[in-house]
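Please read all numbers here as calculations on a predicted model, not as lab measurements.
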Amino acid sequence: MKTGKLKQILLITDGCSNQGEDPIAMAALAMEQGITVNVIGVMEHDTIEERGMQEIEDIALSGGGVSQVVYAQALAQTVQMVTKKAMTQTLQGVVNKELQQILGKSKTVEDLSPEKRGEVMEVVDELGETVELEVLILVDTSASMKHKLPTVKEALIDLSLSLNARSGENKYAVFVFPGKKKEVEKLLDWTPRLESLTTIFSKLSTGGITPTGPALKEAIHYFKNKRSLRGLISHDDEYFEESI
């Protein structure tokens with residue numbers, strides 16, 4: 001069964017977006033392009049306000065992903081759980097599509113006998129271990145996140161170590177918003193390991209605005225440009241047309 005790559009955006013934030021494009025619309029655009037958007041809301045001692053909570057849920061819903069609100073100290077475990085849960089969810093969707101082609105459009109995994117369902121879930125688990133995974137991580141660095149950034153850094157390194165046990169290839173990129181000079185800034189280009197974040201995170205500055213929509217838009221473009229670069233190597237005319 002061919003699944004290609006699983007492409008995920010992992011958004012880590014603690015508040016409401018307040019600048020730029022609508023993040024819910026941007027998440028829907030990502031999903032249209034085969035990129036799942038997962039959102040983790042980070043609390044400290046208090047709760048996230050209702051508007052922020054609603055936005056977190058709506059972004060994940062539009063992006064076909066998973067959302068979770070968590071206290072900062074439980075972030076590492078949650079980042080791993082959300083990433084893996086989203087992988088399984090996406091793979092189940094792929095398997096359901098295959099089943100519909102074989103059995104008819106109305107059939108899903110739930111319609112199978114318990115024995116067959118178990119076999120299908122084994123396939124999903126196996127794919128989860130072997131499929132190529134690309135996770136673009138968007139970290140909110142607005143002023144209220146300042147004290148949470150060390151925890152975010154540790155959580156991302158834990159994620160990298162946890163997923164290294166898979167036989168499939170993992171690649172990560174990290175963007176922050178707002179950046180020093182722009183709304184969104186690339187912190188780390190595609191890499192199989194996130195350990196290099198240790199030195200970078202200590203240099204981050206935090207700002208007051210939360211441009212979540214522009215950050216998601218930039219993430220979508222980054223996935224797209226990565227594919228276009230491959231097109232350039234194979235002399236893809238479409239890439240040249242886009243570049244002119």
**Request:** Answer yes or no: is there a donor N or O on one side and an acceptor on the other, between the side chain of Ser162 and the main chain of Asp158, under 3.5 Å?
**Result:** no
**Message:** Could you report the tightest heavy-atom contact between Asn18 and Gly208, atom names first, then the distance?
**Reply:** ND2-O, 4.2 Å
**Fill in**
Exactly one candidate in Leu127, Val135, Leu91, Thr36 meets side-chain contact (heavy atoms from CB on, under 4.5 Å) with Leu6; the answer is Leu91
**Asked** Does a side chain donor of either Gln8 or Asn38 reach within less than 3.5 Å of an acceptor in the other side chain?
**Response** yes
**Request:** Establish, from distance only, whether the side-chain atoms of Gln68 and Thr78 form a donor-acceptor pair under 3.5 Å.
**Result:** no
**Message:** For the backbone of Gly128 and the side chain of Arg166, can you confirm whether one donor and one acceptor N or O come within less than 3.5 Å of each other?
**Reply:** yes
**Prompt:** Do you know which two heavy atoms are closest between Ala219 and Ile9, and how far apart they sit?
**Reply:** CB-CD1, 3.7 Å
**Request:** Return the set of residues passing salt bridge (charged side-chain N to carboxylate O under 4.0 Å, His left out) with Lys217 (not counting sequence neighbours), or none when no residue passes.
**Result:** Glu21
Please table the atom pairs, donor to acceptor, closer than 3.5 Å between any side-chain atom in residues 116-124 and protein atoms at least two apart or in another chain.
residue: Arg117; atom: NH2; partner: Glu110; partner atom: O; Å: 3.4
residue: Arg117; atom: NH2; partner: Leu112; partner atom: O; Å: 3.1

**Prompt:** What orientation do Trp190 and Tyr222 show, parallel under 30°, tilted 30 to 60°, or perpendicular over 60°?
**Reply:** parallel
**Asked** Which pairs, with at least one residue in residues 172-187 and sequence neighbours excluded, count as a salt bridge (charged side-chain N to carboxylate O under 4.0 Å, His left out)?
**Response** Lys186-Asp189
**Message:** Tell me the closest heavy-atom pair linking Ser17 and Thr212, and the distance in Å.
**Reply:** CB-OG1, 3.3 Å
